[in-house]
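Shown below is the structure under consideration.
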Amino acid sequence: MGSGGNDPFTPEGFGGCVKGGEGMSEGNVQEGFGVFEVFVQKTQADFHTHVGSVVAPSPDVALMNARENFLRRDLGVNLWVVPRQCVTATPYDSEGDWFAREFDRKYREAGGYPENGRLWKMYKEKVLQLEEIVEDLHGKGDKNNESASS
Amino acid sequence: MNREEKETRFIERIKAGMKIEATDWMPDTYRKLLLKLIHMHGISEIMGALPEKEWVPKAPTLKRKLAIMAKVQDEMGHGQLLLRVAEDLAEPFGRTREDLVADVIHGRVKFHNVFHMEAPTWADAGVIGWLVDGAAIINQAALLHTSYGPYARVLKRICAEESFHMQHGESIILALAGGTDAQRKMLQDSLNRWWESLLFFFGPMEVTESAQQMIDYGIRTKTNEELRQQFFSKYVPRIRSLGLTIPDPNLSYNETTKRWSWTLPDWEKFRKIVRDNQGPKSQERLNLRRFAHEEQAWVREAMIRSRLKGSVVV
């Protein structure tokens, strides 16, 4: 678990990360302790997912605290801990919405083409769905295909 | 935006069901109310592990021992998750985890009345899991819709683990309820011991000024009495189905008003327990907390020193 002699955690700046990125606070660093954001990878078919944060004096201890806090029941294959200062985030509430949707984006989605089904009926055929292809190839409920077929 | 516009915008966001985040602007009253609530919640989780911890060495079977250990660990874990949320709120006041943890030792933060009480028999371990956790779950589930995002997210994880605590408590009391006369009596005695504390746990009948403010800010959505009524509805029929007697002759359900009437506990007695740490176990448990915190101070310091020297802590 240890990161050997290359421990990136230094008291000066948590591995040289720029302090206080956009939308982030400085992060409640008590004397010698820091806040680490925790990411859990449930299986190797999944990406790491943010689950919360821990306070720790070093990345190694942050990893142990993260395991104790977030994996008492849930399974995981990998953990990341990231000093909070290293996260650059968008603001939640500001002038000019980062996530504004001026247009109807249905045309980007599978569900944006509901007429296909009706048209196929004229040819006595059905819409082809991705799920059907994945299922034919890998069977139902295959973990590796969950994201592909959802 | 000036202060007033910010405040108006803030209220609009809450009314629209939007969540507030740690990095958002928030009125001081909102921050202070939340901090007080979450600080007490977190510290109560940690103090709440202590009465149950007393039963780890005395649990009747290995399976029971493992299960109650898991529960004690969960309570400590919940305390850590909640203190993490509290810390971010306390940051503008220059207060850290160390301060929030030490506050309970110095009597600067209170913890729930139920954790000041004795747990003398194995039935108490069961009743704590069944009814004390049951009451806490109703409280926490009601808070799932709180306007503060970081609290809501942590509560989601806590509630998921509480569902294990519910089954754990029920498993213990069901075993006793189906046991010998002595075991059934043990269970009844325990219920008698806990009943008043359970009702006080939900807080006073009247909606205090700060409770109203918390409702206005969307921190809470239900009143104390609404939650207590739900507790009655969920638990009274189950308690009675086991043949147990609830130690309140005035407890009854009114079909027309759809409400339970009940005997008010001695509020002043319980207020004193919480305010002055004058419960039967308050001082003993606070001493244990102080001992644990102070005796391990050198470990916390050593971890920092070892990092500064570039060595690896594992």
Side-chain angles (χ1 to χ4, degrees), chain A residues 1-12 14-15 20-38 40 50-74 84 87-95 97, chain B residues 1 6 9-10 12-13 18-26 70-71 73-74 76-101 149-150 153-154 156-157 160-161 164 299-314:
Chain A
M1 190 188 295
S3 44
N6 301 322
D7 191 334
F9 188 99
T10 63
E12 289 76 34
F14 291 82
E22 184 75 22
M24 289 294 290
S25 76
E26 289 257 315
N28 189 14
V29 181
Q30 76 187 59
E31 196 74 32
F33 279 66
V35 176
F36 292 82
E37 298 296 337
V38 179
V40 174
H50 183 240
V51 292
S53 56
V54 293
V55 162
S58 68
D60 298 304
V61 178
L63 281 174
M64 290 193 286
N65 286 352
R67 184 181 55 194
E68 293 308 315
N69 265 303
F70 300 106
L71 296 179
R72 284 197 301 276
R73 291 181 182 76
D74 296 345
R84 175 179 274 186
V87 176
T88 306
T90 57
Y92 275 105
D93 183 32
S94 66
E95 312 282 320
D97 191 346
Chain B
M1 273 196 280
K6 278 183 180 169
R9 170 95 186 101
F10 180 83
E12 277 170 9
R13 290 178 71 202
M18 290 164 79
K19 300 284 185 208
I20 306 303
E21 294 293 336
T23 47
D24 292 339
W25 180 88
M26 61 184 85
K71 226 193 128 202
Q73 225 185 354
D74 282 346
M76 289 299 186
H78 296 170
Q80 292 194 12
L81 294 178
L82 290 161
L83 287 175
R84 199 61 279 302
V85 177
E87 270 157 24
D88 287 344
L89 287 165
E91 199 195 357
F93 306 127
R95 312 202 70 224
T96 65
R97 167 79 62 105
E98 186 71 19
D99 300 320
L100 298 184
V101 167
R153 291 193 288 271
V154 155
K156 219 155 115 181
R157 174 170 289 271
E161 292 181 352
F164 151 71
V299 179
R300 295 192 291 277
E301 280 165 31
M303 286 195 295
I304 293 168
R305 284 216 192 92
S306 114
R307 187 197 74 226
L308 294 178
K309 282 190 173 20
S311 60
V312 178
V313 192
V314 171

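Letters go in sequence order (proteins before strands), and every chain restarts at 1.
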- prompt: Who among Gln80(B), Arg153(B), Arg13(B) has the most heavy-atom pairs with chain A under 4.5 Å?
  reply: Arg13(B)
- prompt: Does Glu68(A) have any side-chain contact (heavy atoms from CB on, under 4.5 Å) partners at least two apart in sequence or in another chain, and if so, which?
  reply: Gln73(B)
Rounded distance (nearest 0.5 Å) linking atom OG of Ser58(A) with atom CD1 of Ile304(B): 9.5 Å
message: Can you confirm whether Val61(A) sits close enough to Arg300(B) that some side-chain heavy atom of one is under 4.5 Å from a side-chain heavy atom of the other?
response: no
Gap separating the CZ atom of Phe33(A) from the CD atom of Glu98(B), nearest 0.5 angstrom: 7.5 Å
message: I'd like to know if the side chain of Arg157(B) reaches the main chain of Val51(A), judged simply by a donor and an acceptor atom lying under 3.5 Å from each other, with no hydrogens or angles considered.
response: no
query: Are the side chains of Arg84(B) and Asn69(A) in touch, meaning some heavy atoms are under 4.5 Å apart?
result: no
- request: Look only at the side chain of Arg307(B) and the backbone of Pro57(A), and say whether a donor-acceptor pair between them is shorter than 3.5 Å.
  value: yes
task: Kindly indicate, with the supporting measurements, whether the criterion side chain to side chain contact (heavy atoms under 4.5 Å, CB included) is fulfilled by Arg73(A) and Asp74(B).
output: CA-CA 10 Å; Arg73(A) 291 181 182 76; Asp74(B) 282 346; 2.6 Å; yes
Glu87(B) side chain near Val55(A) side chain, heavy-atom distance below 4.5 Å: yes
- line: ring pair (Phe, Tyr, Trp, His ring centres under 6.0 Å) filter on Phe164(B), not counting sequence neighbours, yields His168(B)
